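Notes follow once the structure below has been shown.
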Amino acid sequence: YGDHRDLHSFPTRRSSDLKNEIRAQFSLAMSAMYREEVPAYGELMELVADINVSVLERDESLRSQLSQSNGLDRITEERHGAIRVGTEKELFTLRRLFAVMGMEPVSYYDLAIAGIPVHSTAFRPVAEGDLNINPFRVFTSLLRLELIEDADLRAAAQEVLDNREIFTTAALNLIERAEKQGGLSNEDATQFVTEALETFRWHSKANIDQELYGKLHDEHRLIADIVSFHGPHINHLTPRTLDIDGVQVAMPERGINPKAVIEGPPQRDCPILLRQTSFKALEEKVLFKGENGNWDEGSHTARFGEIEQRGIALTPKGRALYDTLLDDTRARVRSGEGAYEDLLVESFKAFPDSYTELRAEGLAFFRYSLSDKGEEIARSVGISGSLDGLLEAGLLRMDPIIYEDFLPVSAAGIFQSNLGPNLGETGADVVYSNPSQQSFEQALGAKVWDELALYADLERASLNACLARLSEKALKDDVAVAA
Ligand code: OOG
Ligand code: NI
């Protein structure tokens with residue numbers, strides 16, 4: 001093992017620094033791999049980078065807001081990926097693998113309500129500083145085979161899954177070493193990135209024959225995607241854009257064909273939560289196991305492209321309003337009242353669209369810092385006061401806390417639009433139900449973080465830090481006078 005020496009060569013390194021570095025390297029390696037596998041992804045990355053540059057050039061206040069609250073540097077490197085695993089054991093080990101890179105499970109998403117037999121979490125960094133260094137996230141879904149009614153098919157799928165190993169031996173060893181030592185040496189970290197990447201690689205040779213593939217596919221395309229291959233290939237990698245409408249319009253000019261509507265809230269002055277759009281899955285050549293060691297040619301659609309724009313995180317009250325307005329929109333579309341996009345815009349008129357109102361009504365989370373005037377006061381006389389009073393006096397500035405998570409309805413829309421053109425035959429009519437966060441957490445071997453509590457903590461900590469700075473001088477002077 002040689003752990004002793006390894007530990008000694010990095011005596012001053014904080015373990016979160018190393019984790020951040022591994023995560024950044026891993027995210028880059030994933031991006032390079034996906035660019036090779038799916039050339040349209042490279043095209044999309046360039047488009048997004050171009051548009052982000054021009055948005056920042058024309059929007060000075062956005063630039064200042066992002067550099068204040070969210071780390072401007074992180075945006076070009078920012079992306080999320082998505083994978084789907086087949087067994088509880090795979091999920092359990094994935095949690096350990098992501099932990100080596102400082103990524104922890106946040107939130108629980110039940111996709112069964114949308115007719116998709118999986119439930120999910122997202123692995124991501126949790127602390128603000130770590131997010132700002134590199135916010136790489138992986139939306140991770142676990143197949144719920146128990147939702148398949150056909151017992152024979154269920155057993156056949158289970159057997160295939162039980163007989164595969166999605167991690168390399170070296171990756172498993174390095175995970176264990178990181179857990180024992182509380183980190184990895186530089187050399188181990190480099191090898192870890194290479195080995196971890198293998199789990200997410202695309203394999204064009206399936207694990208099963210075409211007949212079983214067909215049966216799984218008829219039950220649900222997603223089940224075929226999860227069970228048929230050697231591992232949980234990354235199925236999309238999503239850059240963050242500062243202008244999703246701009247990218248949506250520019251995509252066809254670069255030969256990329258986006259889905260018709262953008263998921264999430266409509267375009268607004270103050271973006272909230274998350275807006276996403278994707279382009280269609282590739283139809284890919286696949287080889288299925290044939291007779292006498294031969295391979296049979298077939299095809300499979302799994303991988304696609306997606307972009308997203310992130311806005312302010314909402315409080316439980318804001319989120320409830322969002323869910324209500326979205327539900328209303330969908331209900332009105334179903335009853336034939338009009339086109340989705342028009343009705344969405346109309347419904348969301350009920351959602352205040354200035355940061356002042358969002359804060360006053362307790363709908364969204366803010367990060368507070370001292371304004372220049374606040375700094376001045378803190379240095380000279382010091383002051384104490386209420387949040388409202390200090391804001392009104394111009395001593396504090398407030399910036400949106402960016403939503404770092406996902407939206408189940410949007411996720412379902414993304415899943416659906418990429419399951420292929422025959423969705424109606426293969427799953428949309430099946431409604432799986434009963435969310436089970438408890439069984440998910442049991443498989444994961446950990447509880448998922450409550451994302452709302454994370455945002456609330458961040459807001460509170462930022463405010464407390466300001467109040468402490470402002471009152472420090474006043475307190476000291478009091479003490480001096482008393483002495
Ligand atoms: C994941 C779909 C969810 C998102 O951005 O909401 C997702 C999948 O298709 O595996 O990635
Ligand atoms: Ni996604």
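Residue numbers count from 1 along this sequence. Start at 1 and go down the list; that is how both ligands and their atoms are numbered. Computed from a predicted model, the values in this text were never measured in an experiment.
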Are Phe304 and Phe279 close enough that their ring centres sit under 6.0 Å apart? no
With a 4.0 Å cut-off on N to O distance, would you call Arg310 and Glu404 a salt bridge? no
Check this for me: Glu36, atom CD, are more than 12 non-hydrogen atoms of other residues, nucleotides or ligands nearer than 6.0 Å? no
Looking at ligand 1, is there an atom of it that comes within less than 4.0 Å of some heavy atom belonging to His236? yes
Is ligand 1 less than 4.0 angstrom away from at least one heavy atom of Glu308? no
Calculate, to the nearest 0.5 Å, the distance between atoms CD1 and CG belonging to Ile272 and Leu358 respectively. 7.5 Å
Restricting to heavy atoms, the pick from Arg303, Glu263, Arg84 nearest atom 10 (O) of ligand 1 would be Arg84
Under the 3.5 angstrom rule, does the side chain of Asn235 hit a backbone N or O of Ala302 as a donor-acceptor pair? no
Output yes when a side-chain donor or acceptor of Glu306 lies under 3.5 Å from a complementary backbone atom of Thr277, and no otherwise. no
Going by the atom numbers of ligand 1, which of them fall below 4.0 Å from some non-hydrogen atom of Glu306? 4 (C), 5 (O)
Distance filter under 4.0 Å to Phe406 heavy atoms, resulting ligand 1 atoms: 4 (C), 5 (O), 6 (O)
Could you check which N/O/S atom of Glu306 is closest to the Ni ion (ligand 2)? OE1
The atom name of the N, O or S atom in His80 nearest to the Ni ion (ligand 2) is NE2
Under-4.0 Å heavy-atom contact with ligand 1, by part of Leu407 that carries it: neither
Please work out, at 4.0 Å between heavy atoms, whether the side chain, the backbone, both, or neither of Ala411 comes within that distance of ligand 1. both
